[in-house]
Structure formats: C-alpha cells, structure tokens
Amino acid sequence: MIDNPYTTAVLAWYDVNARDLPWRHPDATPWSILVSEVMLQQTPVVRVLPAWREWMKRWPAPADLAAEPSGEAVRMWHRLGYPRRALNLHACATAIVERHGGEVPDDHSELLALPGVGAYTAAAVASFAFGQRHAVLDTNVRRVLARAHTGVQYPPKTQSKSETRLAESLLPSDAETAVRWGVAVMELGALVCTARSPACADCPIADKCAWRLAGKPAHDGPPRRAQTYAGTDRQVRGKLMAVLRAASGPVPKSELDAVWDDQVQRERALDALVSDGLVDPLDSGEYALPG
DNA sequence: AAGCCGTGGTG
DNA sequence: TCACCAAGGCT
C-alpha cells in the first residue's frame, strides 16, 4: 500500500536500521513508553537509557511512583535536565491513579490533559503504546519533511499549522502502517537526516528529496538563535538542584549559597525553584527536595 | 508568540 | 573553541 511517496522506502529502511531501544520492545508498557517520551523531551537517547531503566525497575507502574514523594522523582532524574519533567511525571502518575484507575489512558485528549504532555507526547503515546493513527511531529520529523517535501534545510523555529497539515496529509490511512511510518521517519531524522551533517548517501528517499534535488540550498532568513547558558538563571538553578539531589536529606542554606557568588541572582533562582515546586523550604531554614 | 526551562556531546 | 543541538511544553 503506497500512502505517500516516501512510505515504502522509509519503512524498508527502518526494518533494517532501527535501533534496538527498550521502549520499542513488545513488552514495553504504556507507562514505560510515557516515561520514555517525557525523558526524551530535549534529552538525547544515550543519556535517557540508564535513567529509564532505573525508573522502570523502581516504579514499574504509575501507582508505584504516585506512592512516593515527588522529591524522589526529582532525585532519580539525575542530570537529564529540565527537572520539572520529573515533577510532571510524578503528577502524571498521581493523575493516572486518581482519574484512570492506575492505567495510562489510551484516549488522545485524556493524554493531552496530563501534565507535561503536549501535542507531540500525546500523539507518540497514543501511537506507539496503543497503535492509534496520529501524526507524530517532533524535531526529527519536522526536519525530514522540511527537506524532503518542502525543500528547505530547516523547519521554522516554531511549529506552524502548515507543518501539522503536511504531517497529517502524509499519514498512512491504515493505523498499523501509520504507527510504523511515524517511528520510522523519526528514526530517519535521528540517524540519517541529521541537523548538522545529513548522510544523504545513506538516505532511502534521497532520490525524492526536494532539498537535495535543489542543490541543498543553505537556510535563509534570520540566524537560528543560539541558546546562551553560561551565567543564566538556568545554570544557577542547575547548580542548586545538583546540591539537593546529592544530599541524602535537608541542606543548610549555606551549602546552597556556596554554589554561586551573585546573591541577587542566586536568591532569584532559589525562589523560582521553590515556586516551581522543585525545592521545599523547611521551617528549620533548611532546604530539601519536595516531600 | 517569543522566551524560559538543564545538561552534555560534538563538528 | 564554542555555538549548536537533543523524541518539547508552558506561559
């Protein structure tokens, strides 16, 4: 069945080149797939793998995580980055126990209602965990479609309606094929059609790629803004969280004060962490991961 | 809707 | 080296 010009070649490529990732195994549960998708938000596969295994061993079901303080989720997040995602997963676990009887919902809109689950993650879980037909549009798919179909080097910075429409128009009609198509295009973007130096020689749709056929024109428009990090509040937050994760219990404020010289910025970062629910200010004056 | 939110690898 | 990038989401 030919649903779009790329389906057959991309699926055949995926059959041979797919990585053996544990959340793709037949015994992966919807919960384990949800956890993997949240961990993979902006974090590379190689760094997610050990944390995911640790989480699945300790919290094999949503109820297992919901039974623990959210601070344990934050501690077990290690250095994956964006630790609010750990809080989100703990809140997901609680919501799943309270609203869905402890089972990850299979309904797209119910998935979308879970904390930290947006358009991509809801579609990914509905598709990969429950075999439903949804367009999964992540950074990999956006880049592949921008090149192969639209003929430009990079997709726009923020996802556009036209990208969504395009992804939906390319979605195979049969659910089982749509699921395979989604994961296969993602994998193609991750392994071949990469951001920096695409391996067009290894690409199964190079002969149909509008960007390659146009001579790989360079990205035009404003330069893609680099995200600065050094000296930002994010860096300070990271240092504060690292201290709290490493400690077995509450930490005196002096230990937090030692991570950053600028007091104004340090206090602002700490206040924001408390406001975000990532840090618990105790009556004793000490600080701890949330209980 | 543009900017914020971590961290580490890499060309 | 250092700017860029990585299975985004939220405000």
Side-chain angles (χ1 to χ4, degrees), chain A residues 14 18-19 21-24 28 32-52 74 77-89 91-92 111-129 134-144 153-161 163-164 167 179 182-191 193-199 219 222-245 259 268-269 272-273 275-279:
Chain A
Y14 183 74
R19 288 170 292 182
L21 300 174
W23 44 83
R24 289 178 181 164
S32 74
I33 291 171
L34 172 61
V35 171
S36 78
E37 291 299 342
V38 173
M39 286 185 169
L40 286 163
Q41 292 169 0
Q42 301 286 282
T43 302
V45 167
V46 288
R47 282 169 47 205
V48 163
L49 278 167
W52 181 87
V74 175
W77 198 248
H78 302 298
R79 301 183 72 83
L80 292 183
Y82 297 145
R84 60 178 50 171
R85 293 181 293 160
L87 236 36
N88 286 338
L89 275 175
C92 275
L111 286 165
L112 202 51
L114 294 173
V117 175
Y120 162 75
T121 304
V125 173
S127 182
F128 304 150
H134 292 281
V136 289
L137 194 52
D138 77 327
T139 187
N140 292 303
V141 178
R142 293 182 65 212
R143 190 173 53 249
V144 171
Q153 186 177 20
Y154 295 117
K157 278 198 298 269
T158 55
Q159 192 176 315
S160 64
K161 290 287 185 186
E163 288 182 270
T164 305
V179 169
V183 69
V185 184
M186 285 177 62
E187 193 77 337
L188 184 64
L191 299 182
C193 192
T194 58
R196 298 287 188 87
S197 49
H219 174 76
R224 304 155 56 99
R225 186 177 186 77
Q227 30 176 226
T228 56
Y229 180 65
T232 63
D233 286 10
R234 289 158 71 186
Q235 184 179 23
V236 183
R237 288 167 58 110
K239 287 177 176 295
L240 293 170
M241 291 307 298
V243 170
L244 292 165
R245 274 196 314 267
V259 307
R268 183 174 65 228
L273 287 172
S275 172
D276 288 348
L278 283 163
V279 174

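Convention: sequence-line order gives letters A, B, ...; per-chain numbering from 1.
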Given atom CE of A/Met39 and atom P of B/dT7, what is their separation to the nearest angstrom? 15 Å
Rounding to an integer number of angstrom, what distance separates C/dG9 and B/dG9 when you compare their P atoms? 25 Å
Donor/acceptor link under 3.5 angstrom from A/Thr139 side chain onto base of C/dG8: no
Side chain to side chain contact (heavy atoms under 4.5 Å, CB included) partner of A/Cys92, the single match among A/Val35, A/Leu87, A/Val117: A/Val117
Round to a whole Å and report the spacing from CG of A/Leu137 to P of C/dG8. 10 Å
Rounded interatomic separation in angstrom, taking CG from A/Leu87 and C1' from C/dG9: 14 Å
Pairwise 5' ranking along DNA chain C for A/Leu21 and A/Gly116, keeping only the more 5' one: A/Leu21
Please work out if A/Ala124 contacts a base, only the sugar-phosphate, or nothing of the nucleic acid, heavy-atom cut-off 4.0 Å. nothing
Name all residues meeting the salt bridge (charged side-chain N to carboxylate O under 4.0 Å, His left out) criterion together with A/Arg268; count only those two or more places apart in sequence or in a different chain, and write none if there are none. A/Asp233
Determine the interatomic distance between C1' on C/dT11 and the same-named atom on B/dA1; round to the nearest Å. 10 Å
Hey, is the side chain of A/Arg19 poking within less than 4.0 Å of OP1 or OP2 on C/dA7, counting only N and O atoms? no
Indicate whether OP1 or OP2 belonging to B/dG6 is found under 4.0 Å from a side-chain N or O atom of A/Tyr229. no
Do A/Arg24 side-chain atoms and A/Arg19 backbone N/O form a donor-acceptor pair below 3.5 Å? yes
Take the protein atom CD of A/Gln159 and the nucleotide atom C1' of C/dG9, then report the distance between them rounded to whole Å. 12 Å
Reckon A/Arg268 touches a base, only the sugar-phosphate, or nothing at all at heavy-atom distances under 4.0 Å? nothing
What's the CG-P distance between A/Asp138 and C/dA7, to the nearest Å? 7 Å
Interatomic distance, A/Phe128 CZ vs C/dA7 C1' [rounded to whole Å]: 8 Å
Salt bridge (charged side-chain N to carboxylate O under 4.0 Å, His left out) partners of A/Arg237, counting only residues at least two apart: A/Asp276
Quote, to the nearest angstrom, the C1' distance that separates B/dC5 from C/dC5. 16 Å
Can you measure A/Gln153 atom CD to C/dC5 atom C1' for me and round it to whole angstrom units? 14 Å
Interatomic distance at P, B/dC4 relative to C/dC4, whole Å: 16 Å
Separation between CE (A/Met39) and CZ (A/Arg47), nearest 0.5 Å, reads 12.0 Å
Can you name the residues that form a ring-ring contact (aromatic ring centres under 6.0 Å, His included) with A/Tyr229, not counting sequence neighbours? none
Scan A/Trp77 against the nucleic acid and name what it touches under 4.0 Å (heavy atoms): base, sugar-phosphate only, or nothing. nothing
Side chain to side chain contact (heavy atoms under 4.5 Å, CB included) partners for A/Pro156, two or more places apart: A/Arg142, A/Ser160, A/Glu163
Applying salt bridge (charged side-chain N to carboxylate O under 4.0 Å, His left out) to A/Arg196 and not counting sequence neighbours gives none
Applying a 4.0 Å non-hydrogen cut-off, can you work out what A/Thr121 is touching in the nucleic acid: base, sugar-phosphate, or nothing? sugar-phosphate
Rounding to a whole Å, what distance do you find between A/Arg142:CZ and C/dA7:C1'? 13 Å
For atom P, what is the distance between C/dC2 and B/dG6, given to the nearest Å? 24 Å
Give me, pair by pair, the N or O atoms of the protein and of nucleotides 1-5 of chain B that are less than 3.5 Å apart, along with how far apart they are.
| residue | atom | partner | partner atom | Å |
| --- | --- | --- | --- | --- |
| B/dC5 | O3' | A/Arg237 | NH2 | 3.3 |
| B/dC5 | N3 | A/Tyr82 | OH | 3.3 |

Hey, which sits more toward the 5' end of DNA chain B by its nearest nucleotide, A/Arg196 or A/Gln235? A/Gln235
Suppose you measure atom C1' in C/dT1 against the same atom in B/dG8; what distance do you get, rounded to whole Å? 16 Å
Select one nucleotide: of C/dG9, C/dC5, C/dA7, the one nearest the side-chain heavy atoms of A/Ala190. C/dA7
Compare side-chain N and O positions of A/Arg79 against OP1 and OP2 of B/dG8 and report whether any pair is under 4.0 Å apart. yes
Could you check whether A/Gly81 gets within reach of a base, just the sugar-phosphate, or nothing at all, counting any heavy atom under 4.0 Å? base
For residues A/Tyr120 and A/Gln41, is any side-chain donor paired with an opposing acceptor at under 3.5 Å? no
